[in-house]
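Protein chains get the first letters and strands the later ones, always in sequence-line order, with residue 1 at the start of each. Remember, predicted model here, so these are calculated numbers, not experimental data. The basis for the numbers below is simple: all heavy atoms, side chains too, and nothing from hydrogens, waters or symmetry mates.
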2 protein chains.
Amino acid sequence: MAADHTVRDADIAPVAALIADPTRAAILTALLGGRALAAGELARLAGVSAATASAHLARLLDGGFVTVVRQGRHRYYRLSGPEVAEVLEVLARVSARPPVRSLRQSRQARLLEEARTCYDHLAGKAGVALLEALRGSGCLAGEEVTAEGERLLAGIGVHVAGARATRRRFAPECLDWTERRPHLGGALGAAVTAVLLERGWFRQGAAPRALTLTDEGRSELAALFPSHVTAPWSKELTWQSPVT
Amino acid sequence: MAADHTVRDADIAPVAALIADPTRAAILTALLGGRALAAGELARLAGVSAATASAHLARLLDGGFVTVVRQGRHRYYRLSGPEVAEVLEVLARVSARPPVRSLRQSRQARLLEEARTCYDHLAGKAGVALLEALRGSGCLAGEEVTAEGERLLAGIGVHVAGARATRRRFAPECLDWTERRPHLGGALGAAVTAVLLERGWFRQGAAPRALTLTDEGRSELAALFPSHVTAPWSKELTWQSPVT
DNA sequence: CTATTGCTTCGTCCGGCGGCGAAGGATGGG
DNA sequence: CCCATCCTTCGCCGCCGGACGAAGCAATAG
């Protein structure tokens, strides 16, 4: 998930290396159930000697992937936190990637490409188009809202000052997964998106996180950004959702 | 994010191994910008010879991490899709894990532990408690809603038949990140959560995805599940959000 | 105290992976 | 047609890291 911040140049290689070993991967997936397991049990599950398992557990411990609790002669290991579980789950999802997607899956994927939420702000083609429209119409310069933009956003009910007052970063660009181009994130992105949903310009779609542009939203947005002809709401393209 | 399905026993090790090499990691992060880059450029960026880079790119290609486009003498590589970018971003996030969290971060983390959305259904302590309450009061048996449950859910406005009619899995358990115990996912989980929000029993919280239990929600839920004393809405505990 | 069990540490072996230079296609310019 | 450029394939070397058995600690049982 592309968060508001750009991806830091963290060394992902050593972290990935912790998971890259089949034995450690087996240990980690065994722990993914959430329960704490004894070292011996993990050795058995992974199919290695106690010595080998111990070495692996030491590395996982050092890497912060697991924590250990001593209880009598036993040492119970468990995943150190939900972030670790998340990494494993995301990894498992791409590992299990089916060679060819089912019709339904590709349909949902296309739905998500059109418009979806990224945490709490608009993403997908629509999200990217929105940011471009805001920039193109002079509403947004850098990370700041212009006087022009202040007027336009107030007109549809966005409380810009309120968004600026939060501690959250105001209007960062957020790299879009599917478009690989930025959309509007941060406090402003969330505020704008909230308005888009309140006014019924977008509706919750069929798939989780999917949004669909309503007819009303299409015409209102087209009126709001008349010069932005490449957006999903443009009339020039007699745009139709490509999802059939 | 823990999705509706349980994590398949996919071989995550070989996938992780693709990222585990520093040179490949450098190549991948360079491609994370979304642009397609030529093999030579990637070699330069990663600081290795063309031969070495070529070998790595071949492996990434074989693993489905990147795709290649030939254009004249050049071969442009790019990430094969958003899933790959997601893996890298999640990995980067745990790699950059600060040893000690800032006050604000830990506060937000605790907020998220209480109640949050997982895609479109309730998660966190509240989500786990909800599932336990449903099971404990005989509303849910296995993956099916009992007659009892049908009555209770209809009473608060959940359209159970509607949820059952979708193609989405009906009422799967979804392993909770923070609690490491299941909460209610699937179509039913989404339907119930929608009602909880509509009725104002939960409100959108400060952090993205965070939810807070309202006073009204607390009393209504306590009335709905009188026997479930360990839940966040239980009066017996004079429960207060531990977030100060 | 001694025996047993559970886990870690130590010493050692070996396979595999990453690195490079040189040679071998492929493409485009002149 | 020849050369320059870009990339891949080949062959070789060095070394890291994962495997095990044996020995060393810790803790409980009797």
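Atom CG of B:Leu61 and atom C1' of D:dT9 are 15 Å apart (whole Å). Rounded to whole Å, atom P of D:dC16 lies 18 Å from atom CG of A:Leu18. Atom-to-atom, NE2 of A:His74 to C1' of C:dT5 comes out at 8 Å; the value is rounded to the nearest Å. Rounded to whole Å, the distance from CG on A:Asp21 to P on C:dG15 is 17 Å. Going from atom CG of A:Asp62 over to atom P of C:dT9 covers 12 Å, rounded to whole Å. Between the CG atom of A:Leu37 and the P atom of C:dG6 there is a distance of 15 Å, given to the nearest Å.
Proximity of a side-chain donor or acceptor of A:Ser80 to a complementary backbone N or O of A:Gly64 within less than 3.5 Å is detected. Although no hydrogens or angles enter the test, the distance criterion places a donor-acceptor pair under 3.5 Å between the side chain of B:Thr146 and the main chain of B:Cys139. Judged purely by atom type and a 3.5 angstrom limit, B:Arg24 uses its side chain to pair as donor or acceptor with the backbone of B:Ala17. Between the side chain of B:Arg135 and the backbone N or O of B:Gly142, at least one donor-acceptor pair lies under 3.5 Å. No side-chain donor-acceptor contact under 3.5 Å links B:Ser54 to the backbone of B:Ala50.
Using a 4.0 Å cut-off between charged nitrogen and carboxylate oxygen, A:Glu41 and A:Arg44 count as a salt-bridge pair.
Residue whose closest nucleotide on DNA chain D sits further toward the 5' end, between A:Arg59 and B:Ala38: B:Ala38.
Taken to the nearest 0.5 Å, the CD atom of A:Glu144 stands 5.5 Å off from the CZ atom of A:Phe170.
B:Ser95 has its side chain out of reach of A:Asp11: every pair of non-hydrogen atoms, C-beta onward, lies at least 4.5 Å apart.
Using a 4.0 Å heavy-atom distance criterion, A:Tyr77 is classed as a sugar-phosphate-only contact.
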Could I get a table of every N or O pair under 3.5 Å where one atom is in the protein and the other is in nucleotides 26-30 of chain C?
from   : atom 1 : to      : atom 2 : distance (Å)
C:dA26 : O3'    : B:Arg70 : NH2    : 3.3
C:dT27 : OP1    : B:Arg70 : NH2    : 2.8

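Only B:Ala50, B:Ala51, B:Ser54, listed by number, bring a heavy atom of residues 42-58 of chain B to less than 4.0 angstrom from any atom of DNA chain D.
A close approach under 4.0 Å does not occur between any side-chain nitrogen or oxygen of B:Thr23 and OP1 or OP2 of C:dG18.
Here the rule is side chain to side chain contact (heavy atoms under 4.5 Å, CB included) with A:Val66, and of A:Leu18, A:Val84, A:Leu28 only A:Leu28 fits it.
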